[in-house]
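A short worksheet on the structure shown next.
Residues: numbered from 1 along the sequence shown.
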Amino acid sequence: MTKILVYWGKGIREGCSGMTLNQLESFLVLAQRLNFTQAADDLFISQPALSRMISALEQELGIQLFYRSSRSVTLTPAGRAFAQECPHILDSCRAGVDAALLAQRGFRGEVSVGILRDTFDGNAVQICQRMAEEYPQIHIAFRELSHSDLIRVFMAGEVDAIINYGEPLPAEDSESIILRRDRQCAVVPAGSPLARMRSLRMEDLRDEDFVVMSRTSSLPGYGLVWKMAAEAGFVPRVAAEANYVPSLLMMVACGTGVSTLTDDLEYLAKGMVHFIPLVGVPLSCHAFTWRRDNQNPSLPFLLGVIRRGLGQEGGRA
């Protein structure tokens, strides 16, 4: 049987968990009235029922709380000490019940969200700020991951949702809200003749060396370069692979080769490379994605905040 600890002076007594909030509340009313008839009326129960409840509480605790006689009811020293502590016990129990109800309904809890480890995501910041305003008892726990790990932990159910880049994940397993769409760009060294162009097509990069994200770090990003090159009729000549976007940009700036990234990452380059819009390739989706079978009761509140924040700009994928 589970047990509760009843603190008594400097010692601790163990009592079984049969002690109820009703018993404690009835004890407090009787301790104030010191009259069984008046206390029973206040509690809307019969006098015998109150007498049985108090006797059961005393038996539960192994402590005599009241002196009873045919003429009067008074608190024992133990009863006076217990009466001082009971309000704190009741407040703590009620707070615990309230917290449990909030968590059960999703108003209190945590939502784990996977994000890319090497970017600053303004959308994630705005979502977090709105949640803090509307649902301050729901905590968003961000997990920083590589692009490949982001997909892996999501498919394994290790996070509630992810903020993903590229094409939305398969609709039969997941659902997405598009946060924004980003333009694909060719990333070229500042001194390259290509840097003077206002736009480029993928076929214009046919004779260039490429710096790409590694397969282990970003399989979706690695695959996208090969897909765009294949649609342009060539096989990319890979000169180097990077595990992080900043190091990829550094390699491009050093003249190792060109690359392709979305225009939202241009701020990382500090003006040392040029982002040239690619014509003829689809925009990249920046999406909040979750699994349809997710059971976290706090997740729907987060989804509502995202949809309201986007207004007419966002949509489902």
Side-chain angles (χ1 to χ4, degrees), residues 1-112 131-141 157-160 293-305:
M1 180 180 292
T2 58
K3 300 223 175 157
I4 60 172
L5 294 179
V6 180
Y7 291 84
W8 196 255
K10 294 183 179 179
I12 299 176
R13 288 188 61 90
E14 286 191 344
C16 64
S17 59
M19 186 172 68
T20 67
L21 296 182
N22 283 340
Q23 287 177 325
L24 295 180
E25 290 171 341
S26 299
F27 163 77
L28 278 179
V29 173
L30 182 58
Q32 293 165 359
R33 290 291 193 178
L34 294 178
N35 183 293
F36 271 94
T37 300
Q38 294 176 8
D41 288 342
D42 289 348
L43 293 165
F44 300 100
I45 60 176
S46 67
Q47 182 177 332
L50 175 59
S51 181
R52 288 193 298 270
M53 192 176 296
I54 296 301
S55 294
L57 177 60
E58 290 178 321
Q59 184 177 359
E60 180 74 33
L61 298 176
I63 298 168
Q64 184 179 358
L65 300 172
F66 294 95
Y67 295 125
R68 303 170 179 81
S69 71
S70 59
R71 296 182 179 181
S72 66
V73 177
T74 57
L75 285 164
T76 66
R80 286 195 296 272
F82 193 53
Q84 292 178 346
E85 295 299 323
C86 264
H88 306 299
I89 297 171
L90 287 168
D91 288 344
S92 179
C93 288
R94 290 173 184 136
V97 171
D98 289 343
L101 288 172
L102 287 171
Q104 178 174 290
R105 296 169 183 170
F107 289 101
R108 180 174 184 170
E110 180 176 285
V111 181
S112 57
M131 282 296 293
E133 293 174 359
E134 296 191 36
Y135 303 106
Q137 295 192 74
I138 298 177
H139 173 64
I140 300 179
E158 297 177 21
V159 293
D160 293 310
D293 59 0
N294 186 282
Q295 299 297 311
N296 188 333
S298 296
L299 180 60
F301 295 102
L302 177 55
L303 298 177
V305 164

Taking all non-hydrogen atoms of both residues, which atom of Tyr67 and which atom of Gln64 are closest, and how far apart? CD2-NE2, 3.7 Å

What closest approach, in Å, do Met131 and Val305 show between heavy atoms, and which atom pair accounts for it? SD-CG2, 3.5 Å

Leu50 versus Leu43, closest heavy-atom pair with distance: CD1-CD1, 3.8 Å

Using side-chain heavy atoms (C-beta onward) and a distance below 4.5 Å, is Val111 in contact with Asn296? yes

If you measure from OG1 on Thr37 to CG on Asp42, what distance do you get to the nearest 0.5 Å? 11.0 Å

Spatial distance of atom CG (Leu57) from atom CE (Met53) [nearest 0.5 Å]: 9.5 Å

Can you confirm whether Leu90 sits close enough to Leu28 that some side-chain heavy atom of one is under 4.5 Å from a side-chain heavy atom of the other? yes

Check whether any side-chain heavy atom of Phe301 sits under 4.5 Å from a side-chain heavy atom of Glu134, and report yes or no. no

With a 4.5 Å heavy-atom cut-off, do Ile54 and Arg68 have their side chains touching? yes

Whether over 12 other heavy atoms sit under 6.0 Å from Gln59 CD: no

Does His139 offer a backbone N or O that forms a donor-acceptor pair with the side chain of Glu110 under 3.5 Å? no

Exercise: identify the closest heavy-atom pair between Glu58 and Phe66: OE2-N, 3.2 Å

Mind checking whether Phe27 and Leu75 have side chains closer than 4.5 Å, heavy atoms only? yes

Can a donor-acceptor pair be found, under 3.5 Å and without considering hydrogens, that links the side chain of Ser51 to the backbone of Gln47? no

So do Leu24 and Phe82 actually touch side chain to side chain, heavy atoms under 4.5 Å? yes

Work out which heavy atom in Ser298 is nearest to a heavy atom in Gly109; give both atom names and the distance. OG-CA, 3.9 Å

Verify, without hydrogens or angle tests, whether Ser112 (side chain) and Asp160 (backbone) share a donor-acceptor contact under 3.5 angstrom. yes

